[in-house]
Number of protein chains: 2
Amino acid sequence: MSPRRSDPNARSTLVDIAARLLAEEGPEALSTRRIAAEAGSSTMAVYTHFGGMQGLVREMVHEGFARLQRYLTGVTETDDPVADMALLGRAYRGNALANPDLYAVMFGGFSLAGFTLSDEDRQHGRYTLANVARCAGRCIASGRFEPGDPELVAHHMWVATHGLVTLELGDYLFEPYDAERIFESQLVNMMVSAGDKPETAARSVADSRTRLETEVPE
Amino acid sequence: MSPRRSDPNARSTLVDIAARLLAEEGPEALSTRRIAAEAGSSTMAVYTHFGGMQGLVREMVHEGFARLQRYLTGVTETDDPVADMALLGRAYRGNALANPDLYAVMFGGFSLAGFTLSDEDRQHGRYTLANVARCAGRCIASGRFEPGDPELVAHHMWVATHGLVTLELGDYLFEPYDAERIFESQLVNMMVSAGDKPETAARSVADSRTRLETEVPE
DNA sequence: TTGTAATCAGAACACTGTTATGGAATCCGG
DNA sequence: CCGGATTCCATAACAGTGTTCTGATTACAA
């Protein structure tokens, strides 16, 4: 593996350009010729480095998973695990709102440039649930949550938050039933369903809101 | 408006062909030339009837909303409104599983052939929530749910079910945490969060399961 | 220095949505 | 009944897409 002249990290440069085009101009702007023009090269760059457009999209999806992981690992462990849990949900939503198109490709179940996720990619996505499951385990150990499977709790949390985020990205939630309002009560409902008392759950969820700006990237 | 010879309902024929192609071969198979070949005509048919590919996709989305509406209106009102509520959730999921690609276009927040939903289309989608809100009102009136806004309850139900369905369609739920398992406990959690007692909620959710095959189309 | 491998520019191919053109069949007013 | 007017569609072309082939240019190794 020996590059000719230019950047030795031409790969990440192309991925960055593609991610920027996707974020700024939407999926329609993602074309080999457009990317090549932005990078100042020819369309062949996409093929020598990624084997085609789908390979580039795959790389973008991996970057998307890495960003999500970064958002989740940004929340620190405190002595209130339920508040940590709520903050994980907020971080998950924050990442989706910061990278909406990327999130749609990762979890929207739809194809971009004919690309569809492989089982390995999906496993990559599910791996980020480990953070949530670990926190659920701490909630159970502390006695706030009922004894049970932390992974199952994490899945319930994931399903609910994912549903809210996708409908929010699709502009389906507004006015009296806006995403913020539903999300707040949803977080409390999640904690109560997992076993926490309504009063303490509401308190922890409220506490987690103030930690959002300080413990989440970007 | 007078057709030349063939079908006077050439519009619905083209929509049916497009829907079948989308369901059987995925989004990549949706092309004007392919549709024209299946219909035995030329690509111009798409333009005279729909003004372009996006117009055809819009018509397919409307058809998708109509099918969802048909699924939801299929559940009859019984003297157990909570069971009716659970069955509405099952019907919603049933429609999504029966028309996965169409559902992704409707609610996935992603574009197909450069088509994006208009505000009017979205309103069309939110209108189907009226069925759920009406049922929530009956649950509140019966005393099973706490007094409150039926529409808000419907939104919580929608968000949770949509999240489960999209992750299920994306093949993210399997093995020990499969969609069926999560959905069942999620339904109970929804009812309890709305105010129902855990025992009666579990009973109603279980009762609704047997009604699925008889009260849902297809 | 020579050889080998990697990288990329350019042209070409098959495909896409779309538009312009024109012909054919219906309707509708006389 | 008949003659515009209108509607529909087949054909061909254009600009765009992902992709492949070819060849030239460069970097690194023996």
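Hydrogens, waters and symmetry mates play no part in the numbers below; they use all other heavy atoms, side chains included. Just so it is clear: chains get the letters A, B, ... in the order the sequence lines come, proteins before strands, and each one is counted from 1.
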Roughly how many Å is it from [atom1] in [X] to [atom2] in [N], rounded to a whole number?
{"X": "Met53(B)", "N": "dG16(D)", "atom1": "CE", "atom2": "C1'", "value": "16 Å"}
{"X": "Phe115(B)", "N": "dT18(C)", "atom1": "CZ", "atom2": "P", "value": "13 Å"}
{"X": "Phe50(B)", "N": "dT19(C)", "atom1": "CZ", "atom2": "C1'", "value": "19 Å"}
{"X": "Ile35(B)", "N": "dC15(C)", "atom1": "CD1", "atom2": "P", "value": "17 Å"}
{"X": "Arg11(A)", "N": "dC8(C)", "atom1": "CZ", "atom2": "C1'", "value": "16 Å"}
{"X": "Tyr47(B)", "N": "dA10(D)", "atom1": "OH", "atom2": "P", "value": "14 Å"}
{"X": "Glu28(B)", "N": "dG18(D)", "atom1": "CD", "atom2": "P", "value": "12 Å"}

Q. Pick the nucleotide of DNA chain D nearest each of Gly51(A) and Arg34(A); which residue has the one closer to the 5' end?
A. Arg34(A)
Quick one: is [N] close enough that its OP1 or OP2 comes under 4.0 Å of any side-chain N or O from [X]?
{"X": "Ser42(B)", "N": "dC9(D)", "result": "no"}
{"X": "Ser31(B)", "N": "dT16(C)", "result": "yes"}
{"X": "His49(B)", "N": "dC9(D)", "result": "yes"}
{"X": "Thr48(A)", "N": "dC8(C)", "result": "yes"}
{"X": "Ser41(A)", "N": "dC8(C)", "result": "no"}

Q) For residues Arg93(A) and Thr161(A), is any side-chain donor paired with an opposing acceptor at under 3.5 Å? A) no
(Q) Hydrogens and angles aside, do Trp158(B) and Tyr92(B) bring a side-chain donor and acceptor to less than 3.5 Å of each other? (A) yes
Q: Find out whether Leu21(A) and Arg34(A) are in side-chain contact, i.e. whether some heavy atom of one side chain is under 4.5 Å from a heavy atom of the other.
A: yes
(Q) Restricting to non-hydrogen atoms, name the atom on Tyr177(A) and the atom on Ile182(A) that form the minimum distance, rounded to 0.1 Å. (A) O-CD1, 3.6 Å
Q: Quick one: sort the Phe107(B) and Tyr103(B) rings into parallel, tilted or perpendicular, breaks at 30° and 60°.
A: tilted
Report which part of the nucleic acid [X] touches: base, sugar-phosphate, or nothing (heavy-atom distance under 4.0 Å, all strands).
{"X": "Leu56(A)", "answer": "nothing"}
{"X": "Leu30(A)", "answer": "sugar-phosphate"}
{"X": "Met44(A)", "answer": "base"}

Q) Is there a donor and acceptor pair closer than 3.5 Å between the side chain of Arg33(B) and the base of dG17(C)? A) yes
